[in-house]
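Have a look at the structure below before the remarks.
The chains referred to below are lettered A, B, ... by the order of the sequence lines, with proteins before strands, and numbering in each begins at 1.
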Amino acid sequence: MRYTPSEIEPRWSERWAAQADLYGADPQSSGKPKYYVLEMLPYPSGQLHMGHVRNYSIGDALARFMWMRGHNVLHPMGWDAFGLPAENAALKNNTPPREWTLKNIAAMKRQMQRLGLAYDWRNEVTTCLPEYYRWNQWFFVRMFERGLAYRKKSKVNWCPECATVLANEQVIDGRCWRHEDTLVEQRDLEQWFLRITNYAQELLDGLEKLNGWPEKVRTMQRNWIGRSEGAEVEFAVASVADQDPPPETARERLEERIEDALEKFRAGRKVLAATEDVELTGDKVAVFTTRIDTIYGATSVQLAPEHPLVKKFAANNRKLAGDVAALLDQQKQAREAGDVGAIEKHGVFTGHYAVNPFNNERLPIWVANYILLDYGTGAIMSVPAHDERDYEFAKKYGLEIRIVVLPRRADAIHSEEDHDSLLPYTTEDSLLINSGQFNTLSNEEAQRRMAQFAEEDGFGKATVTYRLKDWGISRQRYWGTPIPMLYCEKDGIVAVPDEQLPVLLPENIAITQQGGSPLGRLPDFVNATCPKCGGPARRETDTMDTFVDSSWYFYRYTSARNDKAPFDSATAGYWFPIDQYIGGVEHAILHLIYSRFWTKVMRDMGLIKNDEPAERLFTQGMVIKNGAKMSKSKGNVVSPDDMIERYGADATRAYALFAAPPDRDLDWQEDGVAGVSRFLGRVYRFAMRHAKGANGATEATATSQALQRKLHQTIRKITEDFGGRWHFNTSIAAIMELVNELTAAESAIAAGEVPDAVLAATLRDLVLLLAPFAPYLAAELWEQIGGEGDLLRAPWPKFDEALAREDEVEIPVQVNGKLRSVLRVPAGAGESVLREAALADEKVRASTAGKTVVKVILVPGKLVNLVVK
RNA sequence: GCGAAAGUGGCGGAAUUGGCAGACGCACCAGACUUAGGAUCUGGCGGGGAAACCCGUGGGGGUUCAAGUCCCCCCUUUCGCACCA
């Protein structure tokens with residue numbers, strides 16, 4: 001009667017695979033409450049890893065539990081099948097990407113089936129197939145029509161290793177998200193963008209309502225969207241009068257004069273006054289600030305090296321051009337190294353001035369290497385007294401530092417020196433000084449009034465800026481969704497008409513590592529006809545970022561074979577939002593922000609009604625080994641196949657749930673898997689011994705009552721775990737306790753102390769409790785004990801409060817907080833019973849002898865504490 | 001630097017609400033059994049001590065009859081963010 005998962009499991013696996021509708025959802029008319037449980041779809045690398053196993057074990061346990069609780073469950077699976085590895089593999093093995101990918105999918109599907117995961121494969125979604133990606137194209141055209149997809153030349157992140165562009169979200173510390181060692185370069189390219197920034201505010205606001213999402217993920221998204229409230233203020237540019245591009249000698253003279261002004265400025269630290277013969281040029285420079293209230297303290301304006309105004313200034317000034325180039329280089333290097341925060345601040349005076357519209361002061365315009373063109377307006381006003389960076393910069397270059405707010409708690413400030421030692425102070429709990437008509441206002445009040453003032457006078461306004469940028473989706477790669485756009489000489493950019501979709505990805509193509517999109521080298525693909533004028537057109541050769549694929553795949557599951565639309569709205573309306581989404585925290589930003597965006601766009605298109613894709617999100621911890629993330633380079637990768645072969649799928653899955661709470665990192669210990677396997681063996685043998693054996697006992701005894709009590713306590717615990725904390729490690733531990741108690745009662749059972757009915761009911765419930773965690777063993781035993789129908793649809797056991805109740809409890813007795821004895825009293829014993837029992841207890845009396853009991857703490861059901869002196 | 005989470009036996013972890021610290025499992029030790037197995041069963045297993053008992057949840061302080069749990073300070077680890085104006 002050995003437990004042999006290697007025989008039991010494949011037998012069931014085959015039976016399940018033969019029933020396509022086994023894990024299918026019921027029709028909407030079933031009247032059952034719907035439950036959509038979803039695990040993130042894998043990239044088909046060809047091999048499941050332990051992270052997948054953990055992810056799917058959690059989801060599968062939940063799905064099975066919900067089925068047994070009588071829900072209508074949708075539990076699908078698919079493949080995130082486009083992406084660069086397929087091209088790399090093609091290069092290496094000379095296999096077409098499609099072939100390689102489909103082969104991997106088949107292999108991984110086998111692994112999933114071997115794991116006994118309860119997916120409805122009839123809804124399988126494979127993103128690299130035209131039946132799927134045609135809808136990516138369809139969505140793209142819809143977004144183009146709505147102005148949400150646009151093309152622009154911009155500075156983009158370029159990974160030399162991938163030979164393609166990356167989205168901001170795919171750059172981590174200046175490196176490619178797929179190539180930890182590869183620095184991302186900045187390049188200028190024409191790219192397609194999706195206007196996710198249109199939804200920045202809604203994406204931010206929506207986070208407040210996502211109470212079923214981990215706070216950590218919400219915070220990460222909040223930071224990523226990076227809203228900041230402030231104001232834009234326009235400064236007029238004033239320059240040394242000499243506007244015409246001067247001949248060489250004149251230019252040198254101008255440079256001298258600028259040097260001269262700079263000299264004076266340095267000597268006197270009073271540039272604001274050293275403005276001699278400057279006059280307005282008609283140019284304007286807008287700065288973005290979150291602290292308009294400190295604008296009277298501005299003593300310079302700082303521009304990003306790439307600011308258009310800088311180009312203009314530098315055109316007349318070779319020295320400046322050289323200096324700016326150096327600054328730009330520093331910034332670029334810092335950016336590429338990913339430590340912009342650590343950059344040493346450098347700057348250069350341009351010789352030009354900006355007029356502060358609030359007080360008409362002329363502030364020197366500098367170029368600084370820490371100002372970023374792509375945030376705000378690429379220009380700032382520098383207020384050294386109240387900003388740490390500005391302070392550092394002003395100290396370094398001797399710029400004036402002017403205090404314009406006085407902290408409310410200013411008691412300690414008695415002199416200028418005191419002030420200096422406190423600088424810079426950035427508090428917003430202060431009052432304005434040295435600020436003209438705004439003096440004595442609070443910061444908050446001043447911010448409002450000054451923005452209003454600027455708006456009324458037409459030189460500024462309150463604004464909101466976001467760190468979030470539009471989503472660049474063009475990729476110069478082959479293995480992705482072709483962007484369905486055409487370039488016609490006459491009609492410009494034209495979308496491919498719906499009836500011509502999908503734009504098929506050509507199959508026969510030589511994958512090489514040379515730059516540019518591989519599709520660009522296929523004349524048959526590139527040369528097309530303009531649908532408007534019928535003339536020749538050039539086809540877009542870039543493909544879409546694969547995150548497009550995963551932004552809406554879960555809608556497709558609800559009607560995966562639909563060839564009229566991306567999905568059926570009514571069906572999606574029934575299933576959405578996803579009740580529980582489960583995956584790794586590494587997708588907290590990328591996938592989870594894109595798919596929220598996509599959902600909002602689809603809602604605005606009228607395809608769906610929900611605002612958010614998923615009601616609840618669970619992010620599981622990583623699977624590690626010997627304290628480190630599993631990786632080939634560390635040689636600590638544990639193969640799921642290997643585990644299944646040695647211990648079975650049940651033991652592997654149950655261990656993945658047992659070894660740690662699901663949200664924490666899990667240290668994979670093979671001995672632990674063996675332990676779980678031993679436990680399953682004990683269950684198997686116990687059940688087999690009693691599956692059919694009735695010995696005619698009918699009389700309830702203390703033992704049978706104790707068994708029933710334990711059983712119902714276990715049912716209660718596990719049912720609560722599913723509804724609450726998801727600490728499946730303790731759920732499984734509870735089943736182990738139950739089984740320990742059952743096997744310990746073996747001799748009592750043999751002695752007829754446990755009625756047949758109790759034993760049979762216990763066995764049945766034990767099998768049901770096991771079903772979400774060890775489905776193979778549960779199915780096998782279910783059959784052995786004569787369970788009817790499929791286990792998955794058998795109702796989850798109900799716990800009986802009366803049977804679960806203890807009738808006698810142990811109450812610890814402390815003397816001065818130290819444990820001295822344990823009382824056995826009837827459950828529900830009142831205070832007087834406890835007091836008497838405690839005082840009468842021998843051990844207690846021994847330790848209180850010769851002392852007076854000052855106080856007795858009685859907590860019925862918990863403990864007794866005697867305070868003695 | 002900012003923010004979050006965590007720190008409990010040799011190891012993974014338990015102790016939702018302040019109430020017997022170490023459930024359950026691994027490893028280890030002792031024993032039983034034997035068709036000698038990657039088997040099964042029984043018992044032991046935080047530290048000190050012969051015992052009574054004492055000590056023990058990263059460190060230090062505090063609140064409380066009672067603290068792993070609450071409060072204050074500090075240390076360590078992991079994760080996120082980081083010139084964002």
Side-chain angles (χ1 to χ4, degrees), chain A residues 1-3 173 214-217 219-220 222-224 226-228 230 287-291 302 304 331 334 338-345 368-372 374-383 387-390 392-393 465-467 585-586 588-589 621-622 627 646-647 655 658-661 663-679 681-682 685 720-721 724-725 727 729-737 739-740 743-744 746 810-822 846-847 854-859 861-868:
Chain A
M1 218 168 43
R2 272 187 73 182
Y3 169 56
D173 291 339
E215 192 48 52
K216 180 188 164 85
V217 173
T219 305
M220 283 168 74
R222 226 172 264 133
N223 291 339
W224 187 262
R227 177 192 156 102
S228 66
V287 305
F288 174 72
T289 176
T290 54
R291 292 300 303 275
Q302 316 257 333
Q331 185 176 93
D339 58 352
V340 184
I343 193 173
E344 160 100 33
K345 292 182 178 53
N369 62 353
Y370 68 99
I371 307 298
L372 308 171
D374 58 5
Y375 186 80
T377 58
I380 64 153
M381 63 176 199
S382 177
V383 185
D387 182 283
E388 276 169 38
R389 293 154 302 172
D390 295 349
E392 189 189 330
F393 193 85
T465 334
Y466 299 91
R467 208 184 78 114
V585 75
E586 65 273 15
I589 295 180
M622 269 192 309
R646 287 155 118 162
Y647 306 103
Y655 175 75
F658 175 67
D663 53 338
R664 291 247 290 263
D665 284 353
L666 182 161
D667 195 81
W668 195 269
Q669 296 187 354
E670 196 174 324
D671 286 332
V673 189
V676 171
S677 171
R678 272 197 291 275
F679 157 69
R682 274 201 306 280
R685 289 187 298 274
E720 284 172 1
D721 278 343
R725 293 194 307 167
H727 278 200
N729 53 330
T730 62
S731 308
I732 293 172
I735 302 178
M736 289 173 170
E737 284 187 55
V739 172
N740 287 347
T743 49
E746 201 65 83
E810 292 192 336
I811 301 291
V813 184
Q814 299 177 338
V815 176
N816 285 347
K818 304 232 183 245
L819 181 70
R820 284 295 178 258
S821 183
V822 176
S847 55
V854 186
K855 198 173 174 187
V856 182
I857 313 283
L858 293 157
V859 187
K862 292 279 189 190
L863 66 38
V864 178
N865 189 9
L866 306 175
V867 186
V868 301

(message) What's the closest nucleotide to the side chain of A:Thr289 if the choices are B:C24, B:C20, B:A85?
(response) B:A85
(message) Measuring from the side chain of A:Glu737 (C-beta onward, heavy atoms only), which nucleotide among B:C24, B:A14, B:C84 has the closest atom?
(response) B:C24
(request) Report which part of the nucleic acid A:Asn729 touches: base, sugar-phosphate, or nothing (heavy-atom distance under 4.0 Å, all strands). (result) sugar-phosphate
(message) Once you apply a heavy-atom cut-off of 4.0 Å, does A:Val867 come out as touching a base, just sugar-phosphate, or nothing?
(response) sugar-phosphate
(message) Suppose we call a contact any N or O donor and acceptor under 3.5 Å apart; does that hold for the side chain of A:Asp671 and the base of B:C26?
(response) no
(request) Could you give the distance separating B:G22 and B:G47 at their P atoms, to the nearest angstrom? (result) 14 Å
(request) Select base, sugar-phosphate, or nothing to describe what A:Gly226 touches, counting heavy atoms under 4.0 Å on all strands. (result) nothing
(request) Select base, sugar-phosphate, or nothing to describe what A:Gln814 touches, counting heavy atoms under 4.0 Å on all strands. (result) base
(request) For the side chain of A:Ser228, starting at C-beta, report the closest nucleotide among B:C84, B:A14, B:C65. (result) B:C84
(message) Going by purine N1 to pyrimidine N3 plus the second Watson-Crick contact, or the G-U wobble pair, all under 3.5 Å, which nucleotide sits opposite B:G38?
(response) none
(request) Could you tell me whether the phosphate oxygens of B:A4, OP1 or OP2, come under 4.0 Å of any side-chain nitrogen or oxygen in A:Arg222? (result) no
(message) Applying a 4.0 Å non-hydrogen cut-off, can you work out what A:Glu215 is touching in the nucleic acid: base, sugar-phosphate, or nothing?
(response) nothing
(request) Name the nucleic acid region contacted by A:Asp390, choosing base, sugar-phosphate or nothing; use a 4.0 angstrom heavy-atom cut-off, strictly under. (result) nothing
(message) By the 4.0 Å heavy-atom rule, please label A:Ile732 as base, sugar-phosphate, or nothing.
(response) nothing
(message) Return the pairing partner of B:A82 with a 3.5 Å limit on both distances, Watson-Crick or G-U wobble; otherwise return none.
(response) none
(request) Determine the Euclidean distance between corresponding P atoms of B:G12 and B:G44; express it in Å to zero decimal places. (result) 24 Å
(request) Check whether more than 12 heavy atoms from other residues, nucleotides or ligands sit under 6.0 Å from atom CD of A:Glu586, and answer yes or no. (result) yes
